Number of protein chains: 2
Amino acid sequence: MATQQRRERERAQRETLIVTAAREMAETDGWPAVTIRRLAERIEYSQPVLYSHFAGRGAIIDAVALQGIAELTEVFRAARAGAAPGGELAAVVQAYLDFSTAHPALFEAIFTLAEGLPFGADAPETLKAAFAELFAVFAPLAGDRDPDALTEVGWAAVHGLAALDRDGRLRPDLREQRMAVLLGLFAKD
Amino acid sequence: MATQQRRERERAQRETLIVTAAREMAETDGWPAVTIRRLAERIEYSQPVLYSHFAGRGAIIDAVALQGIAELTEVFRAARAGAAPGGELAAVVQAYLDFSTAHPALFEAIFTLAEGLPFGADAPETLKAAFAELFAVFAPLAGDRDPDALTEVGWAAVHGLAALDRDGRLRPDLREQRMAVLLGLFAKD
DNA sequence: TAGGAAATCTAGCGTTGCTAGGAACATGAA
DNA sequence: TTCATGTTCCTAGCAACGCTAGATTTCCTA
């Protein structure tokens, strides 16, 4: 009876151990270095144990991505809460860009590696919460435009900046001016 | 004397054979299916031959990406040339999005797989030409803003839409409205 | 036609994700 | 306490990967 619960507790504990280990390894050595073998050695279990928790390497990456999305949401919330009135957009956009440079491996997991995360209607709550944060910033600027569409375009613009900048495809010396241009595009006039 | 030239000609021929084979395999079966072994079998040479042309698998992907960028540039040019006056922006943006959905493997090679392409000052001509096409569309809309920064932001916005849409992270039913919003943001008022 | 250089192949190393099958363990009943 | 049962875990190994050393064949030149 009670042992069953203890086991489940220990299993859940080990599962988060795997996820955090994968994340730490990715952040220090990059995702290619996160192999099942190394992961198994790190958590001091054999490789098949990992497959009793996750369907495969991809599922582990997905789990890290989901955790990253939750953190990103929290970062958004904090940025919005700490912003001066009217400065919410700038604060959240800056938070997005800062997050991508501070946690490149996490960003990579979320936006280029994760493949098993369901989107759309049956997306996990974590994911909807992240979009809701963006919506809260962009929707007030919509005017007579569709607030959802505006939010998606705003997201795309910020995300594009983060992604292209991360790959070194934008001029570093224009970073501030890009920010100014972006804010100018969306600012309520 | 002349044999030397013939050999170089044949080598160049075989090199493009490799690149187009890699591209075709990627477009039909996805990039993970493009392995050195399969590529070698496809071009009917042994594996080491591939390494006499390219430093490794990554370099082959880079070559496909560069070829894709050249095509993308041509698509931009055609879209801009065929657009009605004032409709250049819409035409090029639509061309970008169409390209990403029509050639997902190429898009992936260019923006998430390529790692050896130099950017910035010493970027290949092909790459500068692509940006120049975008610049030609966005710069006229700059007004008193920095035209380079505006182009980069515009590129980021379109690219973000393409990338997020490709991963199924945007609502399909809002596609047209996103386009309208985006054009509205950049349109000269 | 013989010799040397260039091009190409065979074979194999180390690593990867993943899995089958057996060993060790904890659990509940007698 | 002892034994049977069911769960948990590990050892060992498969197929495939990128890549490379060294032998072999092919080609050109003299």
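Values in this document were obtained by computation on a predicted structure and should not be read as measured data. Reminder, nothing fancy here: chain letters follow the sequence lines and each chain counts from 1.
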Visitor: Looking at C:dT15, I'd like to know if its phosphate oxygens (OP1 or OP2) sit under 4.0 Å from a side-chain N or O belonging to A:Arg38.
Guide: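 So the side chain of A:Arg38 is outside the cut-off, no N or O lying under 4.0 Å from OP1 or OP2 of C:dT15.
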Visitor: Write out all pairs satisfying salt bridge (charged side-chain N to carboxylate O under 4.0 Å, His left out) with one or both partners inside residues 61-73 of chain A, taking only residues at least two apart or from two chains.
Guide: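 Output for this query lists A:Arg23-A:Glu71.
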Visitor: In this structure, how many angstroms lie between the C1' atom of D:dA16 and the CD atom of B:Glu41, rounded?
Guide: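 Interatomic distance, CD of B:Glu41 to C1' of D:dA16: 14 Å.
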Visitor: How many whole angstroms separate atom CD of A:Glu10 from atom P of C:dC25?
Guide: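 It is 16 Å, rounded to the nearest whole Å.
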Visitor: Does a side-chain N or O from A:Arg14 land closer than 4.0 Å to OP1 or OP2 of D:dC9, or not?
Guide: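 It does, given that an N or O in the side chain of A:Arg14 lies less than 4.0 Å from OP1 or OP2 of D:dC9.
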Visitor: Once you round it to whole Å, what is the distance between P of C:dT8 and NE2 of B:His53?
Guide: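 In whole Å, C:dT8 P lies 7 Å from B:His53 NE2.
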Visitor: For the side chain of A:Val49, starting at C-beta, report the closest nucleotide among D:dC9, C:dC18, D:dC19.
Guide: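 Closest of the options to the side chain of A:Val49: D:dC9.
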Visitor: Just compare D:dC9, D:dT11, C:dC18 and give me whichever is closest to any side-chain atom of A:Pro48.
Guide: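 For A:Pro48, the side-chain atoms sit closest to D:dT11.
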Visitor: What is the separation between atom CD1 on A:Ile36 and atom C1' on C:dT16, rounded to the nearest whole Å?
Guide: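 The answer, rounded to whole Å, is 10 Å.
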Visitor: On the ring face of B:Tyr45, is B:Arg14 found with NZ or CZ under 6.0 Å from the centre and within 45° of the axis?
Guide: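 Ring-cation test returns yes.
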Visitor: From the options C:dT16, D:dC19, C:dC9, select the nucleotide whose nearest atom is closest to the side chain of A:Thr35.
Guide: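 Among C:dT16, D:dC19, C:dC9, the one nearest the side chain of A:Thr35 is C:dT16.
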Visitor: Roughly, in whole Å, what's the span from OH in B:Tyr51 to P in D:dA21?
Guide: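 Roughly 12 Å, once rounded to whole Å.
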Visitor: Whole Å only: how far is the CZ atom of A:Arg57 from the P atom of C:dT19?
Guide: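 Answer to the nearest Å: 15 Å.
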Visitor: Answer yes or no: side-chain N or O of A:Gln47 and base N or O of D:dC10 forming a donor-acceptor pair under 3.5 Å.
Guide: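 No such pair is found, so the answer is no.
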Visitor: What nucleotide, of C:dG17, D:dC9, D:dT20, holds the atom closest to the side chain of A:Arg37?
Guide: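 Nearest listed nucleotide: C:dG17.
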Visitor: Closest approach to the side chain of B:Tyr45, judged atom by atom: which nucleotide of C:dG17, D:dC19, C:dT8 is it?
Guide: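 Given the options C:dG17, D:dC19, C:dT8, the side chain of B:Tyr45 is closest to C:dT8.
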Visitor: Find the distance A:Glu44:CD to D:dC9:P and express it as a whole number of Å.
Guide: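 Those two atoms, CD and P, are 14 Å apart.
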Visitor: Is the distance between the ring centroids of A:Phe99 and A:His103 less than 6.0 Å?
Guide: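 Yes, close enough.
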Visitor: Please confirm whether the shortest side-chain N or O distance from B:Ser46 to OP1 or OP2 of C:dT8 is below 4.0 Å.
Guide: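 Checking B:Ser46 against C:dT8: no side-chain N or O falls below 4.0 Å of OP1 or OP2.
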Visitor: Using the rule that Ile, Leu, Val, Met, Phe, Trp and Tyr join whenever any side-chain heavy atoms are under 4.5 Å apart, tell me whether B:Leu185 and A:Leu182 fall into a single cluster.
Guide: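 Result: yes, single cluster for both.
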Visitor: A:Arg11 near the nucleic acid: base, sugar-phosphate alone, or nothing, with a heavy-atom cut-off under 4.0 Å?
Guide: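 No contact.
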Visitor: I need the CZ-C1' distance between A:Phe54 and C:dC18, as an integer number of Å.
Guide: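 Taking atom C1' of C:dC18 as the reference, CZ of A:Phe54 is at 16 Å.
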Visitor: Mind checking side-chain contact (heavy atoms from CB on, under 4.5 Å) for A:Ala139 and listing every partner two or more places apart, or none if nothing turns up?
Guide: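 Result, side-chain contact (heavy atoms from CB on, under 4.5 Å) vs A:Ala139: A:Phe135, A:Pro147.
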